[in-house]
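Remember, predicted model here, so these are calculated numbers, not experimental data. Every chain is numbered from 1, with letters handed out A, B, ... down the list of sequences.
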Amino acid sequence: MKPPKDKYEIVSEMGKRRGYFWPSYEIYGGVGGFITYGPLGSALKRNLETKFRKFYLQPLAIVEIESPVIMPGTVLEASGHVENFKEPTVGCVKCQRKFRADHLLQEFGKMTDTQTEKLDLDAVMEEIQKLGIKCPDCGGDFNKAEQFMTMFTTTIGPYSDSIGYGRPEAAQGIFVEFKRIFESMRNRLPLGVAQIGQALRNEISPRQGPVRLREFTIIDIEFFLDPEDKKCLIINEVENETLRFLLAENKQKENPEITTMTIKEALTKGIIQEEWLAYFMAKAKQLLILLGVPEDKQRFIEKLDYERAHYSKQGFDQEVYLDRWGWTEVSGHNYRTDFDLARHMNASGVDLTAFKETEDGGKRFVPHVIEPSFGLDRLVYTVLEYAYNKQGKRNVLSLPRDLAPMHASVFPLVNKDGLMEKADEVYHMLADSGFVLNWDHSGSIGRRYARADEVGIPIGITVDYQTLEDNTVTLRDRTSWTQVRTKLDELPELLCNYFANKIDFNGLGTLIER
RNA sequence: GCGGUCGUAGUCUAGUCUGGUCAGGACCCCGGCUUCCCAAGCCGGGUACUCGGGUUCAAAUCCCGGCGACCGCACCA
């Protein structure tokens, strides 16, 4: 017996067949860790970005920049990534297995995290030999220690000593350009700066399709604050929002218990230290709800000291539950303090401080940063998985209407008596009004509805015999299959309101009983 | 990177053990006919043995290697 298909299998199958996403470079056998978005997938991703901007960026007037993917070595050395994005490994001479050298030293040498971090490769090897650590699997000796670098390395220009890296996050692009951004935004805090763009991480073994990629789209938001004035003036907007937490103290337990509390409570109890961090987490939860992930399939997990990235003072990961992989990180919310700006200021010698007036004149200070960061590809996949459902024999993608890659289908009820021509007219009328449409006259009307359902098109517009008489059409709702009748000349405006979430389906016309 | 399993059309799959009569099915897709509302029907059409090498009279089938996928280990800063 084959195990029943999980949702990942179904969604990727559908993704390939209908053009959402598939593994890249398939004709050359494929390369792990890369996917290509097809016609529908790229549209979905674009719509998701638009929604993100509208929901997460615009209300706070967060500005966006676009900076290069290739970064010179100096930048990522200053940021600490060159140091932190690699792991010392040793290989067993006998069985060839590779081990994290620092983990071996911690386990057998009782060394702490901070101790092992300070060792260079030679020192690592020395310690391993001094302690007589052998391969835990077969007892063999270890050969030379080497670093596995998880950033993509390249050279810039013709000089091979000019090392460049593919950026592992978009955040550094913001920190490096902070001076100009801050100046052009008239030196005012708080200032939110976002970047949506590609990031590269040379994962050892990616697998896991769209949730673990070597090249992916990251949304990094750096929210710069005065460390002496970190109050969030709009925290009241979200203070009653409840979040589900997996707290650090509960993580080690057998059955990690979920703690549910409001933002207000979390702040009062000191679970979340920063108001802005709390604010962004609440918004992240709300966003995921809008993307179709119910409350009980989301949680925030508190990062332990050693789990946090090198730049983070406090951090929570937002996780959603995926059928195949269980709890999966879709966003990270970190308090980066002044870590990055201070490092770049130090390394570059350029002043990256802000100025404020005080009673005794004024002072310069390095702004602090609250950072929400999202993996857009994971969000796209999450949306697809949660939108997928089966109605009878049919696959239906109940995508939120504002994310659907196509707004509506236009069908002639039958392909004769001038209905094709009329449907064509309707198609062009709506296309001129800016809608993205699916045209289908193949098979029967039922088959066309079914095809459109699987692709996730929210509305079906059918041109029938009555259309020829009174210029009305039938609209059919993808999810409920209910139908309404509407005058053609009112349709563009109605659809516009529908996709702006101003009216629901029943507001599109008068109900038809069949 | 290691170990295990695996790789047949757009998708899913039969066949591989026991080499030949094997490339079959279903869905899907396209064109036409039909069709007054949910994958109806009829006709026609479409595409595949992961790649390379070897064994053999003969390879989807056996052997070696590459690539990829899945699961476990490790990794996910």
Side-chain angles (χ1 to χ4, degrees), chain A residues 2-3 5-6 8-10 12-19 22-34 38 76 79-87 89 91-92 95-100 102-103 117 135-138 146 148-151 168-169 201-209 211-214 303 306-312 315 317 324-325 328-329 332 375 391-396 411-417 419 440-454 460 462-468 473-478 481-483 485 512 514:
Chain A
K2 265 184 183 253
K5 290 181 182 178
D6 63 22
Y8 171 66
E9 207 172 334
I10 297 167
S12 25
E13 188 181 303
M14 207 159 70
K16 284 184 202 167
R17 194 155 36 83
R18 297 299 193 187
W22 55 78
S24 302
Y25 312 115
E26 277 183 310
I27 67 164
Y28 288 103
V31 182
F34 299 93
L76 291 161
S79 69
H81 283 81
V82 172
E83 191 186 327
N84 285 282
F85 248 76
K86 60 187 178 189
E87 307 298 345
T89 59
C92 169
C95 70
Q96 310 296 328
R97 286 200 63 151
K98 292 208 174 191
F99 296 87
R100 283 277 296 269
D102 51 339
H103 287 182
E117 230 164 62
C135 172
D137 271 19
C138 71
E146 51 186 38
F148 181 79
M149 166 68 83
T150 48
M151 289 195 290
E169 56 170 21
R201 297 179 189 184
N202 201 3
E203 302 284 353
I204 300 173
S205 77
R207 295 182 195 168
Q208 303 184 346
V211 311
R212 188 101 180 275
L213 297 169
R214 290 188 164 121
K303 305 299 273 185
Y306 67 87
E307 291 174 324
R308 280 200 304 274
H310 58 277
Y311 47 69
S312 172
D317 280 352
R324 174 171 293 196
W325 299 294
T328 306
E329 179 191 350
Q391 294 187 7
K393 266 180 65 185
R394 282 184 195 188
N395 290 330
V396 180
F411 308 129
L413 182 62
V414 294
N415 302 346
K416 58 178 185 185
D417 301 331
L419 291 182
D440 191 348
H441 66 272
S442 151
S444 65
I445 189 71
R447 176 171 292 262
R448 295 170 203 166
Y449 284 145
R451 266 198 288 255
D453 287 346
E454 189 173 29
T462 303
V463 169
D464 53 27
Y465 286 97
Q466 198 181 326
T467 310
L468 299 178
V473 286
T474 302
L475 305 188
R476 177 252 193 199
D477 179 45
R478 171 198 59 206
W481 296 20
T482 42
Q483 298 191 330
R485 190 158 266 283
I512 304 173
R514 282 200 202 277

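A donor-acceptor pair is defined here as one N or O able to donate and one able to accept, closer than 3.5 Å; no such pair exists between the side chain of A/R394 and the backbone of A/D453.
Separating the C1' atom of B/C6 from that of B/A60 is a span of 14 Å, rounded to the nearest Å. B/U16 and B/C49 are spaced 11 Å apart, taking the C1' atom of each and rounding to whole Å. Using P as the reference atom, B/G19 and B/A58 are 15 Å apart when rounded to the nearest Å. B/C71 and B/G46 are spaced 37 Å apart, taking the P atom of each and rounding to whole Å. Distance noted for atom P between B/C43 and B/G7: 35 Å (whole Å). Spacing between B/A69 and B/C12 at atom P, rounded to whole Å, works out to 15 Å. For the P atom pair drawn from B/U34 and B/C27, the interatomic distance equals 24 Å after rounding to whole Å. For the C1' atom pair drawn from B/U56 and B/C64, the interatomic distance equals 16 Å after rounding to whole Å.
For the pair A/K16 NZ and B/C28 C1', the computed distance is 15 Å after rounding to whole Å. Distance CE (A/M14) to C1' (B/C29): 17 Å, rounded to an integer number of Å. A/W22 has its CH2 atom 17 Å from the P atom of B/A69, to the nearest Å. The distance from atom CD of A/E13 to atom C1' of B/A69 is 15 Å, rounded to the nearest whole Å. Between A/N202 atom CG and B/G1 atom P there is a gap of 11 Å when expressed in whole angstrom units.
Within the 4.5 Å cutoff, the side chain of A/L76 has heavy atoms near those of the A/P168 side chain. Looking at heavy atoms from C-beta onward, A/V396 lies in side-chain contact with A/R478 at the 4.5 angstrom threshold. The closest side-chain heavy-atom distance from A/D440 to A/R451 is below 4.5 Å.
Within 4.0 Å (heavy atoms only), A/R478 reaches no atom of the nucleic acid at all.
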ask   = If pairs are Watson-Crick or G-U with both distances under 3.5 Å, what is the dot-bracket string of RNA chain B, marking crossing pairs with [ ] and pairs to another strand with |?
value = (((((((..((((......[...))))((((((.......))))))...(((((..]....))))))))))))....

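Every residue two or more places apart in sequence or in another chain that forms a ring-ring contact (aromatic ring centres under 6.0 Å, His included) with A/H441 is listed here: A/W439.
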query = Can you list the steps and then say if A/Y449 with A/T462 is a side chain to side chain donor-acceptor pair (under 3.5 Å)?
reply = CA-CA 10 Å; A/Y449 284 145; A/T462 303; 2.8 Å; yes

task = Give the intermediate values and the outcome of salt bridge (Lys or Arg N to Asp or Glu O under 4.0 Å) for residues A/E169 and A/R201.
result = CA-CA 9 Å; A/E169 56 170 21; A/R201 297 179 189 184; 5.3 Å; no

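Interatomic distance, CD1 of A/I512 versus CZ of A/R476, reported as 12.5 Å (0.5 Å rounding).
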query = How would nucleotides 32-48 of chain B be written as a contact map, 5' to 3', with B for base contact, S for sugar-phosphate-only contact and - for no contact, using protein heavy atoms under 4.0 Å?
reply = ---BBBBBS--------

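Between A/W325 and A/Y8, a ring centre-to-centre spacing shorter than 6.0 Å is recorded.
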